[in-house]
There are 2 protein chains.
Amino acid sequence: MKNPFSINSKIEICKNGECFLNARRVELLIKVHEYGSINGASRALKMSYQQAWHFLKHMNGLSPLPLVSISRGGVSGGGAAITDYGLKVIEEYKQISETMNEFTTEQSTKIEFCNF
Amino acid sequence: MKNPFSINSKIEICKNGECFLNARRVELLIKVHEYGSINGASRALKMSYQQAWHFLKHMNGLSPLPLVSISRGGVSGGGAAITDYGLKVIEEYKQISETMNEFTTEQSTKIEFCNF
DNA sequence: TAGCGATATTCATTTTTGTGAATAACCACA
DNA sequence: TGTGGTTATTCACAAAAATGAATATCGCTA
């Protein structure tokens with residue numbers, strides 16, 4: 001008999017009790033890296049520009065080094081670029097996330113209260 | 001140097017993509033067991049009666065066996081009691097939760113992007 | 001110096017979520 | 001048959017979160 005229950009763990013990486021990283025925020029960082037702008041990333045994620053902007057500002061504020069560097073004006077109007085440090089953070093988040101998922105999947109198989 | 005980042009994992013136990021158990025819901029079950037009524041439990045948790053009632057109904061619906069048995073009328077007006085099966089579920093959730101917490105705490109110590 | 005395309009910022013509105021209040025229904029017991 | 005204390009249910013309203021729209025700002029470039 002298949003276990004109909006699964007453990008779903010949503011991880012956040014926090015600092016001072018505030019959310020620094022979660023799945024959505026990392027997704028945003030990745031899209032910013034892909035599009036080179038907050039605008040493009042927010043549209044791609046169907047997220048409002050304000051929310052994307054707020055998340056990025058908040059993440060940068062909590063981070064020991066900037067994750068994203070933002071510029072205004074200029075030839076292309078400006079844009080946003082993920083820093084080398086930001087790229088490292090993204091990669092490490094992915095690793096942690098995968099490790100956690102493996103563990104929760106393993107734990108899911110041990111649930112006993114489904115045997116009724 | 002102390003790592004200022006911590007991993008905060010919120011686990012849900014799901015069935016068919018729906019939330020069956022989480023920290024708040026188990027807390028509710030425990031209070032119902034303590035007070036013997038939905039009313040008492042919801043007040044103790046500063047949760048509206050409707051929400052408590054909704055959670056309990058939903059949990060019972062997803063569960064292979066009832067977690068809580070509810071009665072109306074009678075000498076004391078009625079009440080709610082956690083079943084033996086419900087008690088088992090609570091205990092198992094606590095165990096899973098503790099196991100997950102230990103693992104996330106351990107993972108927290110391995111975060112590298114704080115070293116800057 | 002005007003235009004472009006992006007960021008920055010504000011605000012009213014919408015959407016979502018939760019709550020309080022009111023009321024009906026239930027049923028053992030006096 | 002009435003009382004008491006709970007569950008059951010509905011609904012309008014409140015609080016919170018998210019959004020759309022509008023506008024200002026920036027700085028390179030033609």
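So that the names make sense, note that chain A is the first sequence line, chain B the second, and so on, each numbered from 1.
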Which residue lies more 5' along DNA chain D, comparing A/G77 with B/G79 via nearest heavy atoms: B/G79

Closest-nucleotide 5' rank along DNA chain D - winner of A/G73 and A/S48: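 Checking each residue's closest nucleotide, the 5'-ward one belongs to A/S48.
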
Sugar-phosphate, base or nothing in reach of B/G74, heavy atoms under 4.0 Å: base

Whole angstrom is fine here: how far is it from [atom1] in [X] over to [atom2] in [N]?
{"X": "A/Y35", "N": "C/dG5", "atom1": "OH", "atom2": "P", "answer": "18 Å"}
{"X": "B/R43", "N": "C/dG20", "atom1": "CZ", "atom2": "P", "answer": "12 Å"}
{"X": "A/R72", "N": "C/dT7", "atom1": "CZ", "atom2": "P", "answer": "10 Å"}
{"X": "A/I70", "N": "C/dT7", "atom1": "CD1", "atom2": "C1'", "answer": "8 Å"}
{"X": "B/M47", "N": "C/dT17", "atom1": "CE", "atom2": "C1'", "answer": "14 Å"}
{"X": "B/Y49", "N": "C/dG18", "atom1": "OH", "atom2": "P", "answer": "18 Å"}
{"X": "B/H54", "N": "D/dT7", "atom1": "NE2", "atom2": "P", "answer": "17 Å"}
{"X": "A/Q50", "N": "C/dT13", "atom1": "CD", "atom2": "C1'", "answer": "13 Å"}

Geometric class of the A/Y85/B/F116 ring pair [parallel <30°, tilted 30-60°, perpendicular >60°]: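 Ring orientation of B/F116 relative to A/Y85: perpendicular.
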
Least distance between heavy atoms, A/S9 atom then B/M100 atom: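 Smallest heavy-atom distance, with atoms named: CB-CE, 4.2 Å.
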
Minimum-distance pair of heavy atoms, taken over all atoms of A/V68 and A/A80: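 Heavy atoms of A/V68 and A/A80 come nearest at CG2-CB, 3.9 Å.
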
Greater than 12 external heavy atoms within 6.0 Å of B/K88's NZ: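 No, NZ of B/K88 has 12 or fewer neighbouring heavy atoms, counting only those of other groups under 6.0 Å.
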
Closest to side chain of A/S37, choosing from D/dA8, C/dT7, C/dT19: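 Nearest to the side-chain atoms of A/S37, counting from C-beta on, is C/dT7.
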
B/R24 and B/E27 ion-paired at < 4.0 Å: yes

Presence of salt bridge, B/K31 and B/E34, under 4.0 angstrom: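 A salt bridge is present here (some side-chain N lies under 4.0 Å from a carboxylate O).
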
If only side-chain N and O atoms of [X] are considered, is one of them under 4.0 Å from the OP1 or OP2 phosphate oxygen of [N]?
{"X": "A/K46", "N": "D/dG20", "result": "no"}
{"X": "A/W53", "N": "C/dT7", "result": "no"}
{"X": "B/N39", "N": "D/dG5", "result": "no"}
{"X": "A/Q51", "N": "D/dT19", "result": "yes"}

A/F5-A/F113 aromatic ring centre distance below 6.0 Å: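 Between A/F113 and A/F5, which both carry aromatic rings, the centre distance is below 6.0 Å.
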
Net bend of the helix from C/dT1-D/dA30 to C/dA30-D/dT1, end axes of five pairs each, nearest 10 degrees: 20°

